Structure formats: C-alpha cells, structure tokens
Amino acid sequence: MSREQVIKELDTFPDGLSPSTAHERLAEFGPNELNAKPPRTLADMVREQLADPMILILLTAAALSALLQEWVEAGIIGAIVVVNAVIGIVQEKKAQSSLEALRSMGAPEARVMRGGMETVVPARDLVPGDLVLLGDGSMAPADLRLTKTAGLRMQEAALTGESVPSDKNAQSEALPGAPLGDRANMAFATAIVTAGRGEGVVVATGRNTEVGRIAGMLEESDGLDTPIKRKLASFGKGLTVVGIVAALAVIAIGLAYGRPLVPLLLLAVSLAISVIPESLPATATVTMALGVQRMAQHEALVRRLPAVETLGGATVICTDKTGTLTENRMNVVRVALGPDLAQERQLDPEQAREKHARLFEHLAFTAVLCNDAVFSPAESEAVGDTAIGDPTEGALLLLARDGGIDPGELRAAYPRLAERPFDSDRKRMSTVNDRDGQAVVSVKGALDSMLPRCAYLLDQDGPRPLTDEDRERTFALAQTLSDEALRVLAFATRALAGTPSEDDDIERDLVLIGIVGMMDPPRPDVKQAVETCRSAGVRTVMITGDHAATARAIGRDLSIHQPGDLIITGEELDRMDDEALDEAVKRASIFARVSPLHKLRIVRALQRGGEVTAMTGDGVNDAPALKAADIGVAMGITGTDVAKDASDMILMDDRFTTIVYAVREGRRVFRNIQKVVAFLVADNVAQIIVLLTALALNWNAPLTAVMILWVNLATASLPALALGVEPASRHIMEHPPMRANNLLDAKLARRVIGQGAFIAALALIAFAIGREVGTDALGSTMAFATLALSQVLRALNQRSTTDPVWDRGGARNPQLVWATATSFALMMIVLLVPPVIEAFGGASMNAWQWALVGGFALLSVVQTEIAKAIGRRRAQR
C-alpha cells in the first residue's frame with residue numbers, strides 16, 4: 001500500500017493517535033509482547049517419560065523381578081528408570097527458554113507521537129496506528145510501515161539472514177508476497193537502525209509481527225523424535241512381542257506335556273526377563289553422555305543427548321550462509337585503481353597497494369574520511385577487526401588500516417567541515433574535510449550514481465579527462481565484480497575553493513579514484529568440511545535470505561553448488577505445492593531469498609523424502625527450522641539466544657568444520673550402541689532357544705531364574721558399557737549414513753541370530769552332558785557357564801563387525817579389558833564357591849567339565865571371527 005492508504009486504513013493522523021484512542025486500541029489488540037503458552041507441568045513431563053516403550057519394558061521387568069522376589073534386580077531396574085526420567089525432564093526444562101529469549105529481544109521503550117507531542121512510552125503499550133520515531137542505534141519496537149526516511153539503514157540479519165544493513169525508503173512500494181529483505185518500506189520488530197532516521201506507523205504488534213509469527217511456529221512445532229529414539233522404540237516393541245510370544249510358547253508347550261501351571265508361569269516369567277536387555281537404556285544413555293563430553297572438548301555443546309547420534313545419521317545438512325559458511329563481516333577482496341580501470345583489470349588489496357602505492361593512499365584517505373564507522377575501544381590500537389557501525393564502512397576502515405593508515409589519526413589531522421549523508425535516492429555519501437587548509441570533498445557510493453558526476457580519472461601522473469571508453473570499461477569491470485556476488489563501491493574526490501554552503505553542488509566534476517569489490521568471505525576451512533561430508537554421503541544445502549547471485553557464488557566457491565543442481569528462490573518456492581517441493585529438494589543445493597516459513601517447509605519436505613535433516617543457523621529466522629529438524633545446530637558466537645534455545649547442539653566456535661567432527665562422533669556413538677545391542681541380543685537369543693528347546697524336548701529348564709538374571713546383569717552390563725566407549729573405526733567417514741529404522745539392520749540381525757543359535761547349541765550340549773554324567777543341577781551349571789563365559793569372551797570380538805579381533809588399526813579400549821576381567825572374576829566367584837553356585841541352583845564342576853566349558857566358550861569366539869571373515873570376502877567381491 002502507499003503511505004496514504006496505510007494511514008487511512010489504520011485511521012491515524014500525521015501527529016499520531018490521541019491518548020484516548022491509544023488506550024482503546026490497547027484494550028482491543030492487547031499488549032505488544034510475545035505471550036508464550038503455559039509451560040508443561042512436571043507431572044506432564046513425568047507421564048511422557050514413563051510412556052516411552054523402553055521404559056515400559058523396564059517397568060514390566062521390575063514387576064516380574066519383584067514377583068520372583070528378586071529385589072536387587074527390581075531395585076536396579078527401578079534406578080535406571082528414575083535416572084532416564086530425570087535426564088529427560090532436565091533437558092526439557094532447559095528447552096522451554098526459547099520464547100523467553102524472543103521476549104528479551106524486544107525494545108523496552110519507544111519514541112512515539114501522541115496528540116501532536118513526542119513522548120516515550122513502554123514498547124508493550126504500542127498499538128496499531130501509533131507513529132513511531134526511529135533514530136541512529138534505536139530498535140524497531142513493532143512492525144512499522146515507514147512514512148518518512150532520511151538515509152535510513154537497518155540491520156535485519158537476525159530476521160532476513162542478510163549480512164549488510166538494508167536501505168529503507170518510505171516512498172517505495174513492495175509487491176505482494178515480496179521477501180522480507182525486499183520490503184524497503186518496512187521496519188520490522190527487533191531490527192536496529194545503523195544509519196539515518198525515520199518515522200513509521202505501527203501495522204503489527206506482539207504475535208502479529210514477523211518475530212511474533214516465528215514465536216508461533218516455535219510453539220506449534222512439537223519436535224520430531226530423533227532417530228535413536230525411533231530405533232530404541234522400534235527395538236523395544238519388537239522385544240515386547242518376542243517376549244510375549246516366547247512366554248506363551250513356554251506355557252503352551254508345558255501344558256501339552258501335562259506340566260503344572262505355576263512352575264510354567266515362573267519359567268515364562270524367567271524367559272520374559274531374559275528377552276529384556278535391562279542394561280541397554282542405561283548403556284545407550286552413558287554412551288551418548290560420553291560422546292557429549294568428547295564433543296564439548298571440540299567446541300560442540302550438546303543440549304540434548306540424542307543429538308549426538310542423530311547428527312551421525314544425518315543425510316542432509318541445511319546450513320545458513322551468513323555467519324555459518326561465511327565470516328559474517330564484510331571484507332574488501334578486489335581493488336581497481338585508475339590505470340587498471342581503463343584496462344578492466346582488478347587486483348587484490350595487497351597487490352594494488354604494492355603496484356599503485358600513491359593511488360591506493362588516495363583511495364584509503366577517501367574511504368576513511370567519507371565514513372562514519374569507528375573501531376571499538378578494545379580495538380583502538382588496531383589489534384583486531386571489530387568496527388562499530390555499518391559493516392561496509394567497517395571493511396573500508398580495515399582496508400586502510402591494513403595499508404598502514406590509522407583511521408583515528410587521519411580523522412584528527414583532517415577534521416570534517418561538512419557532509420551530505422547517504423540516502424537511497426542519491427546512492428552516495430560525501431564529506432568535506434580540511435586537508436592542510438584546503439577543503440576537499442570525498443565521495444563514495446554506487447558506480448551508476450557517481451560515474452555521471454566524474455569528469456576526471458586519477459592516473460599515475462595525476463588527474464586526466466575521463467573518456468567514454470574509460471566509462472565503458474569501468475562499467476564492464478563493475479559488472480564483472482557484481483557477477484561474482486561482490487558489492488561494488490566507487491570513490492572520488494575534488495578540491496574546493498572553500499567551505500561549501502548547503503546549496504552548493506559539491507558532487508560534480510569529480511576525480512574518479514577507483515572501485516572496490518567487497519563481500520562477506522567464506523570461512524577458509526568450510527570447503528574441506530563440505531567435501532568431507534560429501535565423501536561420507538552427507539549432502540550440504542545452503543538456505544539463505546540473501547540474493548541468489550550471492551548465494552550461487554559462495555556455493556560454487558565452497559563446492560556446495562555442483563553442475564546440474566537447482567537454485568530455488570523464495571518466490572519460486574511460494575508457487576510450489578508440497579508435492580512439487582518434495583521433488584525439487586532432491587536436486588536443489590541452494591535456496592535463496594527465503595523466509596522463516598520457507599525454511600520450515602524445506603526441512604519438512606526433506607524429512608518426507610526420508611532424509612535425516614540437520615539444520616544450522618544463527619538468527620531468529622532460523623529458530624522454527626532448527627526446532628523442526630531432526631537436529632538443530634546453532635552458532636555459539638553469532639547466534640541469537642532464540643536460535644540457541646531452539647537448537648539441539650551449539651557450535652561454540654561457529655566453525656562449520658566442527659560439524660564434521662560431530663558427524664564422525666555421532667557415527668561412533670551409533671555404531672557403539674549397535675555393537676552393544678548385538679552383544680546383548682545374541683545372548684538373549686541363546687537363552688530363548690535354550691529354554692524353548694529344552695521344554696520342547698520335555699527336559700527340565702536348563703537355567704534357573706537367578707542364573708538368567710546374573711548373566712543379564714553381571715556378565716553383560718560391564719562389557720556393554722565398555723563397548724559404548726569403543727574408539728571410532730578408521731573407515732567410519734568412508735561409509736554412507738545409516739538409514740536403517742532399527743538398531744539392527746538385516747545383515748547384522750542375521751549374524752546376531754546365528755551367533756545366538758550357535759551359543760545355544762553349545763549350551764544345550766553342555767546341559768545334556770552334565771545331566772548325563774551327573775544331575776540336572778550339574779547340567780544347569782555347565783549350560784550357565786557356557787553362556788556366561790561365551791558372552792564375556794565375545795565382548796572382545798564385538799569391537800568391530802568387520803575387522804578381526806586382532807586388527808583395530810592401533811585403536812585401544814582399556815575399559816573393555818577391565819570390564820571383561822571384572823565380569824570374568826564375578827563369574828568365577830559364582831562357579832568356584834560351592835555355597836554360591838548351590839544358591840543359584842547349580843553344582844560344582846570337576847576339571848574336565850571346566851575344560852569342556854572353556855572350549856565351548858572359545859568356540860563361540862571362533863564362530864564369530866569366521867562369520868566376519870566371510871562377510872569381508874563377500875564385501876570384496
């Protein structure tokens with residue numbers, strides 16, 4: 001709408017609303033603040049934790065253990081349940097601060113016109129129709145339709161993703177549906193004025209602002225389950241089914257043989273307990289917690305435990321450009337001075353300084369004097385690169401300082417006499433300085449606005465007339481730089497007869513010094529990180545609010561954008577339905593000029609395509625997508641509090657390369673959890689087969705309930721925990737991400753079942769021999785010893801599913817050695833102390849029976865190594 005239409009629509013006046021009207025509208029529209037929905041209660045969190053399938057299985061196991069009067073077992077399982085619930089609740093409490101961070105970004109006060117008088121009111125009292133005044137350094141307290149602007153520029157990076165301030169113009173009219181960054185007649189809540197001043201009418205407050213809509217998206221996003229949660233839940237449900245079926249089979253077979261019901265029920269309970277790997281949830285939690293500690297040492301702060309594994313399974317990383325792939329600061333990368341302009345030649349700043357020292361000094365003087373940025377006090381001695389003010393002007397100060405010019409000293413030596421501020425109509429800025437008694441004008445701005453006002457070109461020998469050919473070549477060079485996504489600025493100067501008056505046209509007959517090309521440069525280590533992710537089967541997609549040309553240049557430079565990849569803009573995305581977007585995301589490597597809602601749609605489209613999606617970002621506009629992604633990764637240095645609180649992980653050094661380490665660590669965590677599952681399940685399979693086979697043969701149960709519990713806890717838990725800290729394989733980043741929905745893929749499941757069946761056969765043979773030469777108690781002891789010792793020894797060759805036990809590329813795991821030694825010692829105490837083994841329902845063994853049991857345990861290790869060797873040979877073929 002035009003300014004007049006907006007004023008009419010909101011029924012306001014040039015001197016603002018009357019106090020009474022403002023009061024009425026405040027009652028109608030409510031305060032200008034973000035009201036979050038009430039946080040979930042502690043009872044709600046506890047109920048959700050206890051409803052987790054794996055927790056339900058553990059509670060069932062505790063109840064069954066109590067029924068068997070195994071109070072120690074029941075107590076341990078109960079403790080595991082409590083620890084898991086506490087961890088989950090603490091993490092959720094931390095996550096509830098997202099909307100509080102959004103609230104803290106709002107301006108506390110606002111300058112408004114009410115009843116023809118300028119006054120300051122609390123920002124929460126603003127209403128639609130209020131006339132707000134903006135000045136240098138102020139923050140927009142609501143969404144405003146600008147009605148007056150004078151050189152107004154606003155930093156909107158947190159909302160739009162653009163690295164440079166946006167020029168604002170009250171006269172412009174945006175097309176319907178234009179991206180936020182293209183709405184030059186709007187000032188959005190939380191945007192900060194970097195230059196100039198303006199006035200605007202409030203058109204949206206509170207939840208109706210663009211920031212408010214983001215808050216709404218954060219609330220509406222319930223957050224998807226992470227892959228590890230889905231896999232543990234799926235695995236738990238499978239175990240539940242197996243346990244129920246096995247228990248019913250025991251009862252059915254026993255009744256068919258005419259056995260009493262009560263012993264059958266106790267046996268069925270024992271079998272159900274054997275199915276449940278009680279130590280798995282605790283082991284998974286410990287494994288992820290240790291991964292969190294290792295990542296913290298590499299500047300990656302994990303806020304939610306499952307995030308470690310999730311990033312390891314990521315297939316796509318959606319990354320913001322500004323501050324993530326780039327350094328989030330403008331930098332001069334190309335300089336073309338007088339003689340080079342005439343030849344369409346450009347140099348980097350250092351080359352230009354060496355080749356044209358005098359001309360470079362003229363350029364630097366002009367860049368410093370026609371400049372309002374200053375170095376921050378901490379950087380006053382030129383030891384850093386922090387500048388206060390417009391990022392473009394800060395980059396010019398750095399250019400001069402790197403050339404040996406102190407901006408502070410230069411400005412003190414040449415005081416400013418007059419100025420013409422930058423505005424979007426003229427597209428240039430001018431200052432007049434006293435240079436040793438001579439008034440000299442310095443001008444910088446867009447080349448198309450300055451070249452018509454230039455009459456001379458500064459050459460090695462001084463100014464010479466600017467020819468038409470010079471103009472054509474300069475325009476062509478500027479276009480070349482623009483095509484490389486560089487921001488082009490021209491610089492000119494002119495000596496004046498004296499201090500000008502306000503009416504003097506000081507921007508004429510200028511001497512063109514040169515042009516510079518600047519950009520927000522890519523981080524130097526990102527390209528290698530992107531290529532490493534690609535070799536690991538992880539695709540990188542850039543999602544940015546910046547222009548397509550800039551995104552394309554950065555994407556090509558970092559190898560994100562490959563030949564044949566699509567670049568999709570926000571306008572094109574708006575025209576796509578979900579089905580078209582689902583197809584487009586398969587081929588797109590860059591999304592440019594997008595809004596927060598676009599980012600959310602992109603993430604969800606990737607997830608519908610089966611991708612495990614990681615989203616990096618630092619701005620308010622990234623928060624909904626960070627929360628909706630399988631894992632949100634926020635920047636720790638440049639990231640807003642909103643982005644951090646919506647994320648699962650924070651990169652404390654803002655380095656994209658840290659993500660590569662996180663991917664590697666995540667894969668290590670998942671592989672280790674997988675090893676733990678394979679280790680535990682193989683023995684559970686063996687126990688099920690042993691009990692069902694013996695019952696089918698009408699034998700007495702080879703294992704007592706106490707033996708089953710001891711194997712599951714004493715000989716399984718410690719080695720399982722040690723496997724959880726196994727070092728990563730040297731080939732871990734050479735494989736594609738795990739896409740399995742279950743913790744065990746088909747190939748590994750077959751191997752685990754094969755191992756379990758083999759161990760079960762050995763245990764049954766041991767049981768048959770023991771009862772043949774002695775009693776059922778001796779047979780039970782030999783079967784029990786075979787199962788337990790096989791499990792302890794197999795922990796050593798479970799370190800890898802492919803490499804032989806003697807070859808791990810130098811990786812050491814002393815924890816596993818101590819764990820297996822401890823488990824072996826505990827087992828010896830049970831087997832060698834007669835009162836203890838008798839309490840377990842067994843009997844003591846003689847020497848040859850010990851030798852037989854030891855041989856069977858070693859055979860289980862040999863069988864596993866043979867299976868791995870066959871797998872390696874198949875993989876080679």
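Predicted model only: the values in this text are computed from it and were never measured.
- The pair Arg453-Asp509 fails the salt-bridge criterion, with no side-chain N (NZ, NE, NH1 or NH2) lying under 4.0 Å from an Asp/Glu carboxylate O.
- Side-chain contact between Glu199 and Met113: absent, with no pair of heavy atoms (C-beta onward) separated by less than 4.5 Å.
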Residue pair Leu369, Leu410: steps toward the side chain to side chain contact (heavy atoms under 4.5 Å, CB included) verdict: CA-CA 8 Å; Leu369 297 176; Leu410 184 65; 4.2 Å; yes
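- Of all the heavy atoms in Ala588 and Val541, the pair that sits closest is O-CG2, 3.8 Å.
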Stepwise side chain to side chain donor-acceptor pair (under 3.5 Å) test for Thr205 and Asn32: CA-CA 5 Å; Thr205 60; Asn32 176 37; 4.5 Å; no
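- A donor-acceptor contact shorter than 3.5 Å links the side chain of Asp143 to the backbone of Ala189.
- With values rounded to the nearest 0.5 angstrom, Ile590 atom CD1 is found 10.5 Å from Ile568 atom CD1.
- With values rounded to the nearest 0.5 angstrom, Leu17 atom CG is found 8.5 Å from Leu10 atom CG.
- Shortest non-hydrogen contact noted between Ser172 and Asn185 is O-ND2, 3.0 Å.
- Taking each heavy atom of Val432 and Ile506 in turn, the nearest pair found is CG2-CD1, 3.9 Å.
- At least one side-chain heavy atom of Phe422 sits less than 4.5 Å from a side-chain heavy atom of Arg153.
- Using a 4.0 Å cut-off between charged nitrogen and carboxylate oxygen, Lys444 and Glu393 count as a salt-bridge pair.
- Side chains of Arg145 and Met186 form a contact here, defined as non-hydrogen atoms less than 4.5 Å apart.
- With hydrogens and angles disregarded, no donor-acceptor distance shorter than 3.5 Å links the side chain of Ser647 to the backbone of Ile650.
- The shortest distance between side-chain heavy atoms of Tyr414 and Asp434 does not fall below 4.5 Å.
- Across Thr392, Asp520, Thr550, a single residue satisfies side chain to side chain donor-acceptor pair (under 3.5 Å) together with Arg487, and that is Thr392.
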Side chain to side chain contact (heavy atoms under 4.5 Å, CB included) assessment of Arg411 paired with Val374: CA-CA 11 Å; Arg411 288 169 173 170; Val374 295; 3.6 Å; yes
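- Looking only at distances, a side-chain donor or acceptor of Thr326 sits under 3.5 Å from a matching main-chain atom of Lys321.
- The main-chain N or O of Ala367 is found under 3.5 Å from a side-chain atom of Asn371 such that the two form a donor-acceptor pair.
- With sequence neighbours left out, the side-chain hydrogen bond (donor to acceptor under 3.5 Å, both in side chains) criterion links Ser18 to Ser20, Thr21.
- From Asp130, atom CG reaches atom CZ of Arg114 across 4.0 Å, with rounding to the nearest 0.5 Å.
- Rounding to the nearest 0.5 Å places CD1 of Ile602 at 12.5 Å from CZ of Arg604.
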Test side chain to side chain contact (heavy atoms under 4.5 Å, CB included) applied to Arg601 and Leu581, step by step: CA-CA 8 Å; Arg601 283 191 67 199; Leu581 181 58; 3.7 Å; yes
Side chain to side chain donor-acceptor pair (under 3.5 Å) assessment of Thr613 paired with Gln607: CA-CA 7 Å; Thr613 307; Gln607 290 171 330; 4.9 Å; no
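- Using a 4.5 Å heavy-atom cutoff, the side chains of Leu397 and Leu399 are not in contact.
- Donor-acceptor pairing under 3.5 Å is lacking for the side chains of His23 and Asp125.
- Residues Pro141 and Val132 meet the side-chain proximity criterion, which asks for heavy atoms closer than 4.5 Å.
- Surrounding CD of Glu579 are at most 12 heavy atoms belonging to other residues, nucleotides or ligands under 6.0 Å away.
- Annotation: salt bridge (charged side-chain N to carboxylate O under 4.0 Å, His left out) contacts of Asp448 (sequence neighbours excluded): Lys427.
- Looking at heavy atoms from C-beta onward, Lys168 lies in side-chain contact with Glu156 at the 4.5 angstrom threshold.
- Every residue was checked against the salt bridge (charged side-chain N to carboxylate O under 4.0 Å, His left out) condition with Arg25, not counting sequence neighbours, and none meets it.
- In plain terms, the two heavy atoms of Leu126 and Ala110 that are nearest each other are CD1-CB, 3.9 Å.
- Remark: Arg111 pairs with Glu118 by the salt bridge (charged side-chain N to carboxylate O under 4.0 Å, His left out) rule, at least two apart or across chains.
- Residues that satisfy the side-chain hydrogen bond (donor to acceptor under 3.5 Å, both in side chains) test with Asp577, not counting sequence neighbours, are absent from this structure.
- Side-chain N/O atoms of Thr431 and Glu419 include no donor and acceptor closer than 3.5 Å.
- The NZ atom of Lys148 sits 9.0 Å away from atom CZ of Arg3, with the distance rounded to the nearest 0.5 Å.
- Contact annotation: the side chain of Glu571 never approaches that of Arg593 to less than 4.5 Å [non-hydrogen atoms, C-beta and beyond].
- Between the side chain of Ser442 and the backbone N or O of Thr366 there is no donor-acceptor pair closer than 3.5 Å.
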Audit row: Asn433, Leu417, side chain to side chain contact (heavy atoms under 4.5 Å, CB included) steps and yes/no: CA-CA 5 Å; Asn433 295 81; Leu417 303 176; 5.8 Å; no
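- How far CE of Met542 is from CZ of Phe591: 12.0 Å, rounded to the nearest 0.5 Å.
- The shortest heavy-atom contact between Ala551 and Thr544 is CB-CG2, 3.8 Å.
- Between Ser430 and the choices Arg494, Arg420, Glu507, the side chain to side chain donor-acceptor pair (under 3.5 Å) rule is met once, by Glu507.
- For the salt bridge (charged side-chain N to carboxylate O under 4.0 Å, His left out) test, residues two or more places apart in sequence or in another chain that qualify with Asp372 are Arg416.
- Taking every heavy atom of both residues into account, Leu447 and Pro452 meet most closely at O-CD, 4.3 Å.
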